[in-house]
Amino acid sequence: MPREQENRTLDEVLGLILLGFGTLLFLALISYTPRDVPTWFRMLNATSSPNNPAQNFIGPLGAVVAGCVYFFLGAASYLFSAVLLGYGGAKLLAPTTHLSVRSLWVIAFLLSAACLAHYEPWVFAASERMNLRGAGGFFGYWLGGRVLEPMLGGPGSKIIVGVIYLASLILLTGIHPILVVRRLLALPAAVWEKLHEFRKARASSEHERLEIEEKEIARKTRKLEKKLGRKGLAPLDFEPISDASPGELDLPLSRPQPQIIDTALLKPKAKEKKKPVLPAATFDNYAMPQLELLDPYDAEARPAANQDELLEIQATLIDTLGQFGISVAPGDITRGPTITRYEVYPAKGVRVDKITSLERDLARATRAERINILAPIPGKDTVGI
């Protein structure tokens, strides 16, 4: 058997043993009564008629063990059981946990807990019935009441013991109380956000999603107005949103009217060039080239663009994007000799990389051999397809 596998087996066995002892101790503690202890153990039972049979869940032996743990630790006995259960689970789930390194912190944790229980006897009112020296047992009585309290006084001893208790708890478990408190405070907001996202995901239509978003905006607006009111500022003044299509609610209200531009029909503007001044020279028998050698551009020979077809393809693009939850509004259409570019205005909050990831789906919907997506078009707030 490899050494690593052997160590893993030993860790699992040790974890099971700790879990077993921790469970037995916990059951013995919660069902303990001094009358279950046999008469030969005078330290814990001074009566001559013990229970027969014992009422303890673990029997007479469990009563003796629980009585001894109560005698030395008092209310901290339950923490001893919790340490056994915790380390047993850690050995099963995280075999790299080294118990020998943390044994010192276990002792400090239990002794400080016993001292705190002695200082606050109300935490363990059953100590008198169990014939204990106090709520912290033997160690709490002598260490907390006979050593620290006469030396440091009541408040000083409580502060020192409390610091030792918290420090040993952090080193023992690796749990940071401040971080736990922060996460607990942030938990309601995180749960609300997850619930809101879940409701949006389950919305069956774009209309339902818009209703949820409007309610969320209204809630945040009321919360912001309350904050502004407490600071003495004027409340926010929002104009109601007019009825519009789902893809246009979050778009700029002042966008230009879409146009269809056929670049192939545009006549290029000739730039005026200064005629170069040639030096005076004579060329014998030289004939100037005729103008017929040039092939003039005939814009009328090329058919004009079919606007209905261009608008239909643009509508197909917008509808396909809407099927994937991307709201866009139509923009300009620029038709060239070989490439036609359709511009769309993405709604606010839409990431352009979502549009670029749908390149193949858009090509399938428009039956195009290949499309390119320019997101965004330089100098404009549109995406070119």
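Both backbone and side-chain heavy atoms feed into the values below; hydrogens, waters and symmetry mates do not.
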Transitively linked via ILVMFWY side-chain contacts under 4.5 Å: Tyr342 with Val352?
yes

Leu110 vs Leu79 side-chain heavy atoms within contact, under 4.5 Å:
yes

Straight-line distance of Arg351 CZ to Ile326 CD1, nearest 0.5 Å
11.0 Å

Output for pair (Phe26 CZ, Leu85 CG), nearest 0.5 Å, gives 8.5 Å

Do Gln314 and Pro330 come within less than 4.5 Å of each other through their side chains, counting heavy atoms only?
yes

Taking the side chain as C-beta and beyond, is there a heavy-atom pair between Pro121 and Ser127 under 4.5 Å?
no

Hey, are the side chains of Phe109 and Leu171 touching, using non-hydrogen atoms and a 4.5 Å cut-off?
no

Do Leu18 and Leu92 sit in the same hydrophobic cluster, where Ile, Leu, Val, Met, Phe, Trp and Tyr count as joined when their side-chain heavy atoms come under 4.5 Å apart?
no

When you look at Asn372 and Ile339, which way does the side-chain contact (heavy atoms from CB on, under 4.5 Å) test go after all the steps?
CA-CA 10 Å; Asn372 292 325; Ile339 296 175; 6.0 Å; no

Can you tell me how far apart OG1 (Thr340) and CD1 (Ile313) are? Round to the nearest 0.5 Å.
7.5 Å

Can you check whether Phe124 reaches Met130 side chain to side chain, under 4.5 Å on heavy atoms?
yes

Interatomic distance, Thr320 atom OG1 to Leu358 atom CG [nearest 0.5 angstrom]
9.0 Å

Using the rule that two of Ile, Leu, Val, Met, Phe, Trp, Tyr join whenever any of their side-chain heavy atoms come within less than 4.5 Å, decide whether Ile333 and Ile318 are in one cluster.
yes

Gap between atom CD1 of Ile385 and atom CG of Leu317 - 0.5 Å precision:
5.0 Å

At their closest point, which heavy atom of Pro346 faces which heavy atom of Val383, and how far apart are they?
CG-CG2, 3.7 Å

Side chains of Arg360 and Ile371: closer than 4.5 Å at any heavy-atom pair?
no

Exercise: identify the closest heavy-atom pair between Pro50 and Val37
CB-O, 3.6 Å

Transitive ILVMFWY side-chain link Val161 to Leu166, under 4.5 Å:
yes

Quick check: are there more than 12 heavy atoms from other residues, nucleotides or ligands sitting under 6.0 Å from CZ of Arg8?
yes

Do other residues, nucleotides or ligands put more than 12 heavy atoms under 6.0 Å from the CD atom of Gln323?
yes

In residues 142-156, what donor-acceptor pairs under 3.5 Å come from side-chain atoms, sequence neighbours left out?
residue	atom	partner	partner atom	Å
Arg146	NE	Tyr141	OH	3.1
Arg146	NH2	Tyr141	OH	2.4

Check step by step if side-chain hydrogen bond (donor to acceptor under 3.5 Å, both in side chains) holds for Asn51 and Asp36.
CA-CA 5 Å; Asn51 293 329; Asp36 286 335; 2.9 Å; yes

Kindly compute the distance separating CZ (Phe80) from CZ (Phe21), expressed to the nearest 0.5 Å.
10.0 Å

pair Ile170-Trp105: side-chain heavy atoms closer than 4.5 Å:
no

Does Ile107 share a hydrophobic cluster with Phe139, counting links as ILVMFWY side-chain heavy atoms below 4.5 Å and allowing steps through other members?
yes

Result block: side-chain N/O donor-acceptor pairs under 3.5 angstrom for residues 60-76, not counting sequence neighbours:
residue	atom	partner	partner atom	Å
Tyr70	OH	Leu29	O	3.0
Tyr70	OH	Tyr78	OH	2.5

Give a yes or no on whether the backbone of Leu172 and the side-chain of Arg102 come within a donor-acceptor separation of less than 3.5 Å.
yes

For the CD atom on Glu120, are there more than 12 heavy atoms of other groups (residues, nucleotides or ligands in this structure) within a distance under 6.0 Å?
yes

Do Leu321 and Leu362 have side chains that get closer than 4.5 Å, going by heavy atoms?
yes

Take atom CD of Glu359 as the centre, draw a 6.0 Å sphere, and report whether it contains more than 12 heavy atoms from other residues, nucleotides or ligands.
yes

Run the salt-bridge test on Glu343 and Lys380 with the 4.0 Å N-O cut-off and return the result as yes or no.
yes

